[in-house]
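The basis for the numbers below is simple: all heavy atoms, side chains too, and nothing from hydrogens, waters or symmetry mates. In this text the structure is predicted, and so the values were computed from the model without any measurement.
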Amino acid sequence: MDIKEAIRQRHSVRQYKDIPLGADEKEKIEALVKDCNAQSGLNIQLICDDPDCFNTFLAHYGRFKNAKNYIAMVGKKSIGNLDELVGYYGQRLVLEAQMLGLNTCWVAGTYGKGKCKADIESGEKIVCVIALGYGENNGSVHKSKSVEKLCNVPESERPDWFKKGFEAAVLAPTAINQQKFLISLENDEPVIKAKNGPMTKIDLGIVKYNFEIASGHKCR
């Protein structure tokens with residue numbers, strides 16, 4: 001599976017098989033976490049075999065099952081674009097997990113933040129977590145907004161690379177499937193902006209990563 005196929009096949013999964021992560025998968029995720037931290041300045045952490053983080057009323061309400069492994073997205077409060085960085089590098093990890101045969105789910109509210117086993121240093125906070133494991137299913141496709149609501153570039157003016165990036169951006173997971181972003185072109189440079197709404201800055205980072213990895217062009 002390549003990255004573009006991972007983008008197409010990846011869907012949120014909340015129910016997992018009660019088996020631990022394989023040693024090879026764990027090693028590769030940990031190596032990527034280390035690389036993401038070095039590039040971003042975040043303090044992302046892979047936590048395995050921790051059933052307590054999702055042993056809460058909200059987690060049960062969110063229909064989580066056997067969610068014992070997760071990636072804690074931690075960073076310094078002083079980072080101005082913290083949420084966007086979390087989305088960007090978290091999505092990199094999500095797609096890598098998909099290519100390793102794992103399933104994932106972005107989780108911002110329905111987990112026990114106080115029960116999270118991540119090491120939070122002074123001046124840091126946990127923004128969200130990403131559940132991961134071997135899913136009981138592969139999740140389901142969610143309905144997307146119309147192209148006109150997500151992009152203001154006329155179809156005739158979209159280069160091929162832009163079309164590839166846009167297709168991947170539309171498939172990006174967003175909080176409550178809100179898709180509150182707008183993609184445009186300014187002087188042949190792709191620009192993605194977040195609209196108002198809950199967790200839209202995290203969504204912005206996720207969408208940007210999908211667009212960039214599929215199109216080969218950096219976004220502003």
Main-chain N/O of Cys219 paired with Glu212 side-chain donor or acceptor, under 3.5 Å: yes
Verify same cluster id: Leu85, Ile120 (apolar side-chain graph, 4.5 Å): no
Looking only at heavy atoms, which two atoms of Val13 and Gly135 are closest? And how far apart? CG1-CA, 3.9 Å
Side-chain contact, heavy-atom cut-off 4.5 Å: Ile183 with Leu150? no
Which heavy-atom pair separates Asp49 from Pro20 by the least distance, and what is that distance? OD1-CB, 4.1 Å
At what distance, to the nearest 0.5 angstrom, does CG of Asn103 lie from CG of Asn137? 7.5 Å
Rounded to the nearest 0.5 Å, what separates atom CD1 in Ile3 from atom CG in Leu95? 4.5 Å
Between Lys208 and Glu84 (salt bridge meaning N to carboxylate O under 4.0 Å), is one present in this structure? yes
Testing the basics here: between Tyr134 and Gly22, what is the closest heavy-atom pair and its distance to 0.1 Å? OH-N, 2.9 Å
Heavy-atom side-chain proximity of Lys163 to Ser215 below 4.5 angstrom: no
Got a donor-acceptor contact below 3.5 angstrom from the Gln15 side chain to the Arg63 backbone? yes
So, Lys28 and Asp24, do they make that salt bridge, N to O below 4.0 Å? yes
Can you measure from CD1 (Ile47) to SG (Cys116) and round to the nearest 0.5 angstrom? 6.0 Å
In terms of hydrophobic clustering (I, L, V, M, F, W, Y; side-chain heavy atoms under 4.5 Å; direct or indirect links), are Val94 and Met1 co-clustered? yes
Starting at OG of Ser140, measure out to NE2 of His11 and round the result to the nearest 0.5 Å. 7.5 Å
Could you walk me through whether Glu157 and Leu185 pass the side-chain contact (heavy atoms from CB on, under 4.5 Å) check? CA-CA 9 Å; Glu157 297 177 15; Leu185 264 177; 6.0 Å; no
From His142 NE2 over to Thr174 OG1, what is the distance, rounded to the nearest 0.5 angstrom? 9.0 Å
Does atom NZ of Lys195 have more than 12 heavy-atom neighbours from other groups under 6.0 Å away? yes
Are Asp50 and Lys68 close enough for a salt bridge, meaning some N to O gap below 4.0 Å? no
Hydrophobic clustering (ILVMFWY, side-chain heavy atoms < 4.5 Å, transitive) - are Met199 and Tyr111 grouped together? no
Taking atom types as modelled and ignoring hydrogens, do the side chains of Asn210 and Gln91 form a donor-acceptor contact shorter than 3.5 angstrom? yes
With a cut-off of under 6.0 Å to the ring centre and 45° to the axis, is Arg92 in cation-pi contact with Tyr209? no
Between Asn43 and Glu124: side-chain donor-acceptor atoms closer than 3.5 Å: yes
Could you go through the side-chain contact (heavy atoms from CB on, under 4.5 Å) check for Glu25 and Leu102 one step at a time? CA-CA 8 Å; Glu25 288 89 342; Leu102 299 170; 4.2 Å; yes
Within a strict 4.5 Å, meaning less than it, do heavy atoms of the Cys36 and Leu42 side chains meet? no
When you compare the side chain of Tyr88 with that of Ile206, does any pair of heavy atoms fall below 4.5 Å? no
Please say whether more than 12 non-hydrogen atoms of neighbouring residues, nucleotides or ligands are located less than 6.0 Å from NZ in Lys34. no
Hey, does Lys117 have a side-chain heavy atom less than 4.5 Å from the side chain of Tyr70? yes
May I ask whether Met99 and Leu93 are part of the same hydrophobic cluster, defined by side-chain heavy atoms of I, L, V, M, F, W, Y residues being less than 4.5 angstrom apart, directly or through others? yes
Would you please test Leu204 and Thr200 for side-chain contact (heavy atoms from CB on, under 4.5 Å) and show each step? CA-CA 6 Å; Leu204 177 62; Thr200 53; over 6 Å; no
Taking all heavy atoms of Cys48 and all of Leu21, pick out the closest pair and write down the distance. SG-CD1, 3.9 Å
Which atom pair, heavy atoms only, marks the closest approach of Lys4 to Ala214? CE-O, 3.6 Å
Between CD1 of Ile44 and CD1 of Ile29, what distance do you get to the nearest 0.5 Å? 11.0 Å
Cys128 to Ala108 - nearest heavy-atom pair and separation: CB-CA, 4.0 Å
Would you say Val147 and Val153 are hydrophobically clustered, going by side-chain heavy atoms of ILVMFWY under 4.5 Å? yes
Side chain proximity check, Ile126 to Lys113, heavy atoms < 4.5 angstrom: yes
Scan for side chain to side chain donor-acceptor pair (under 3.5 Å) pairs involving residues 176-188, sequence neighbours excluded, and state none if there are none. Ser144-Gln179, Gln178-Asp203, Glu186-Arg220
Only one of Thr104, Leu132, Ile130 passes side-chain contact (heavy atoms from CB on, under 4.5 Å) with Asn69; say which it is. Leu132
Hey, mind stepping through Leu82 and Lys125 against side-chain contact (heavy atoms from CB on, under 4.5 Å) and telling me if it holds? CA-CA 10 Å; Leu82 176 60; Lys125 72 173 184 177; 3.7 Å; yes
Evaluate the ring planes of Phe211 and Phe162, with Trp represented by its six-membered ring, and classify them as parallel (under 30°), tilted (30 to 60°) or perpendicular (over 60°). perpendicular
Would you check if Val129 and Met73 make a side-chain contact, meaning some heavy-atom pair closer than 4.5 Å? no
Kindly check if the number of other-residue, nucleotide or ligand heavy atoms within 6.0 Å of NZ (Lys115) is above 12? yes
Salt bridge flag under 4.0 Å for residues Lys65 and Asp18: no
Is the shortest heavy-atom distance from the side chain of Asp119 to the side chain of Gln45 under 4.5 Å? yes
